[in-house]
Protein chains: 2
Amino acid sequence: MNIGLLLFIPSREVENRVLAAVVEAGFEITQAQARVLMRVGPDGTRLTELAEAAQVTKQTAGFLVDQLEKAGYVERVPDPSDGRARLVRVTAKAEEAVPVANAEMARIEAEWEQHIGRRRMTQLREALEMLGEITDPYR
Amino acid sequence: MNIGLLLFIPSREVENRVLAAVVEAGFEITQAQARVLMRVGPDGTRLTELAEAAQVTKQTAGFLVDQLEKAGYVERVPDPSDGRARLVRVTAKAEEAVPVANAEMARIEAEWEQHIGRRRMTQLREALEMLGEITDPYR
DNA sequence: TTGTTCTAGTCAGATTCTCTGATTAAAGTA
DNA sequence: TACTTTAATCAGAGAATCTGACTAGAACAA
């Protein structure tokens, strides 16, 4: 079984379930928007950085941030260190979704650990963290 | 770091690189088409099954299969056991892309093994195979 | 056998996501 | 100052996806 599909399937499972939980809780947000929102840092992040981290073009990132802004999940503030740039920051409203997402994630991890065992779960996480070092464009 | 993102990042890396290699080799195909094509079984697969495995609606699967058919990567033949159904089968042309994809995949795995070590790579694959049992709708 | 219900697939229409190319304004640099 | 680069946006188009409605064949119950 190919490693790409092996990674893709549980990845999608998490995405789907976490998004479903968040939507269920009353937050209207899409998968694409969530992928960008997830990348916004605690002190705000520039559009260009978001685009790079989420691996989409600036235009796409801008389009998604527009929607997130309209829905009240992020705000754009001027970047004091660069007059051309603006910082995208998450709002209090978006912060409220975090515990919902975390709870569903914890539920999933618990199910997985139930199935594959604690040791393998630890190993999985460790291997993935290391792979992130060479595959995550954000780092 | 959340487990969904940890899975998503390397998953996308594989998808992107394998697709790029296949396109580079002259096969004109998109990510969405590839995801469906990948799920076609050796004896042909029904559209409904493809849709389920790839987790898209029948309409979307049909749309993508149309394109794959036009491009000559799959053909639709009547299902002898059911007059309503047709079997989607991969053509010889599509088979030619397989070694290209496999080669790139092997290259990626080698790089990863270089970075995280052989033992962790084995553990990773084992954990993912097991997770597939509870997350892959195809099985 | 004959309705009734279910299943496989398609048609129509709309929305969402994504891209390429061009433009504007601010920064950095020679 | 003039040139180049960078951050962001505007315009337009294409790709992928969905919901809802429909057709034809299969399955089943009376």
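To find a chain, count down the sequence lines: A is the first, B the second, and so on, and within it residues start at 1.
- In this structure, B:Asn2 and A:Met38 have side chains that are in contact, with non-hydrogen atoms separated by less than 4.5 Å.
- Rounded to an integer number of Å, the gap from NZ of A:Lys58 to P of D:dC10 is 13 Å.
- Distance, A:Leu50 CG to D:dA7 C1': 12 Å, rounded to whole Å.
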| Test log, rule side chain to side chain contact (heavy atoms under 4.5 Å, CB included), inputs A:Glu13 and B:Asp136 | CA-CA 9 Å; A:Glu13 167 93 355; B:Asp136 189 346; over 6 Å; no
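- The pair A:Arg107-A:Glu104 counts as a salt bridge, with a side-chain nitrogen and a carboxylate oxygen less than 4.0 angstrom apart.
- Note on B:Gly83: only backbone sugar-phosphate atoms sit closer than 4.0 angstrom, heavy atoms only; bases stay farther off.
- When atom types are taken as modelled, the side chain of B:Arg120 and the backbone of B:Ile116 share a donor-acceptor pair closer than 3.5 angstrom.
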Pairs under 3.5 Å (N/O, protein and nucleotides 15-18 of chain C):
| from | atom 1 | to | atom 2 | distance (Å) |
| --- | --- | --- | --- | --- |
| C:dC17 | OP1 | A:Thr30 | OG1 | 2.6 |
| C:dC17 | OP2 | A:Gln67 | NE2 | 3.3 |

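- If you take CZ of A:Arg86 and C1' of D:dT9, they are 9 Å apart, rounded to a whole angstrom.
- Taking a cutoff of 4.0 Å between a charged side-chain nitrogen and a carboxylate oxygen, B:Glu109 and B:Arg125 qualify as a salt bridge.
- Residues A:Ile3 and B:Met105 meet the side-chain proximity criterion, which asks for heavy atoms closer than 4.5 Å.
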Run the side-chain donor-acceptor check on residues 94-102 of chain A: report pairs under 3.5 Å with partners two or more places apart or on a different chain.
none

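- The CG atom of A:Asp79 sits 14 Å away from the P atom of C:dA26 (whole-angstrom rounding).
- As a whole-Å value, the separation of A:Leu87 CG from D:dT6 C1' is 15 Å.
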| task | Carefully, step by step, assess B:Arg39 and B:Glu49 under the rule salt bridge (Lys or Arg N to Asp or Glu O under 4.0 Å). | result | CA-CA 9 Å; B:Arg39 296 298 201 155; B:Glu49 289 178 76; over 6 Å; no
Below 3.5 Å between N/O atoms, which protein atoms pair up with nucleotides 3-7 of chain C? Just atom names and distances, please.
| from | atom 1 | to | atom 2 | distance (Å) |
| --- | --- | --- | --- | --- |
| C:dT7 | O4' | B:Arg84 | NH1 | 3.3 |
| C:dT7 | O2 | B:Arg84 | NH1 | 2.5 |

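- Per the geometry, CG belonging to A:Asp66 stands 11 Å off C1' belonging to D:dC10, to the nearest Å.
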